[in-house]
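Written out below as structure tokens is the structure these notes cover.
When a residue number appears, it is its place in the shown sequence, counting from 1. Note that these values count all heavy atoms, side chains included, but never hydrogens, waters or copies made by symmetry.
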Amino acid sequence: MNAYAPVLVLGALGAGFAIFSVVMATLIGPKRYNRAKLEAYECGIEPTPTPAGGGRFPIKYYLTAMLFIVFDIEIVFLYPWAVSFDALGLFGLVEMLLFVLTVFVAYAYVWRRGGLEWD
């Protein structure tokens, strides 16, 4: 249990700070509500009504999310690999090349589908 004590203390401090910030913002923050502040924010464009079952989103939203997740996962794996590169040797290099190749396939898919072009 002593090994996890610093982690638990840091988690408690983080949670305490988050709770304190939210409570203090509601207590001392301004409370001047009007109709414009309570409406949905859409970059200055008047909000359009959506269908009852929700609207259809273009595929570019999903491709952008997929691209973000792919590159986020790539960084999560690349950092520990770079730290222990000497210990892994040739095996680690080949495995990382295969991993980067699969990431490149996902990137090429998004590129071909037009996910990187903003209209």
Side-chain angles (χ1 to χ4, degrees):
M1 187 66 180
N2 288 337
Y4 294 110
V7 175
L8 293 174
V9 169
L10 186 62
L13 282 173
F17 178 74
I19 292 169
F20 175 76
S21 298
V22 170
V23 168
M24 292 307 292
T26 57
L27 291 178
I28 63 174
K31 295 170 180 55
R32 294 182 300 268
Y33 299 110
N34 59 27
R35 194 171 132 211
K37 285 187 179 183
L38 295 177
E39 287 185 6
Y41 177 71
E42 292 188 14
C43 301
I45 301 172
E46 289 295 323
T48 57
T50 57
R56 295 185 66 174
F57 288 99
I59 190 69
K60 290 184 181 185
Y61 289 112
Y62 299 108
L63 290 176
T64 304
M66 183 177 74
L67 188 66
F68 172 75
I69 290 171
V70 163
F71 284 110
D72 193 38
I73 290 172
E74 180 184 15
I75 293 302
V76 166
F77 284 128
L78 275 175
Y79 184 74
W81 172 77
V83 169
S84 63
F85 177 72
D86 290 337
L88 295 174
L90 184 62
F91 173 75
L93 180 65
V94 170
E95 290 297 321
M96 189 50 66
L97 285 176
L98 290 173
F99 176 69
V100 169
L101 180 68
T102 59
V103 168
F104 181 72
V105 167
Y107 175 72
Y109 174 76
V110 171
W111 189 4
R112 292 282 293 165
R113 293 294 303 236
L116 302 177
E117 297 175 9
W118 295 98
D119 297 328

Does L97 belong to the same Ile/Leu/Val/Met/Phe/Trp/Tyr cluster as V70, with side-chain heavy atoms less than 4.5 Å apart forming each link?
yes
The reported gap from OG1 in T102 to OH in Y107 (rounded to nearest 0.5 angstrom) is 15.5 Å
Interatomic distance, CE@M96 vs CZ@F91, rounded to 0.5 Å, equals 10.5 Å
Inset, instruction - Tell me whether F20 is reachable from V23 by hopping between hydrophobic residues (I, L, V, M, F, W, Y) whose side-chain heavy atoms are closer than 4.5 Å. - result: yes
Separation between CD1 (I73) and CG (L78), nearest 0.5 Å, reads 12.0 Å
For V100 and E74, the nearest pair of non-hydrogen atoms, with its separation, is CG2-OE2, 4.2 Å
Within a strict 4.5 Å, meaning less than it, do heavy atoms of the L13 and F17 side chains meet?
no
Correct closest heavy-atom pair for N2 and P6 would be O-CD, 3.7 Å
query: Can you get from L88 to L90 by hopping between Ile, Leu, Val, Met, Phe, Trp and Tyr side chains that sit under 4.5 Å apart?
result: yes
In this structure, would F68 and F99 fall into the same cluster of hydrophobic residues linked by side-chain contacts under 4.5 Å? yes
**Asked** Under a 4.5 Å side-chain heavy-atom rule over Ile, Leu, Val, Met, Phe, Trp and Tyr, are Y4 and L10 clustered together?
**Response** no
For this session: Over 60° means perpendicular and under 30° means parallel, so classify the ring planes of W81 and F85, tilted if in between.
Result: perpendicular
All heavy atoms of F71 vs all of V103, minimum pair found to be CE2-CG1, 4.0 Å
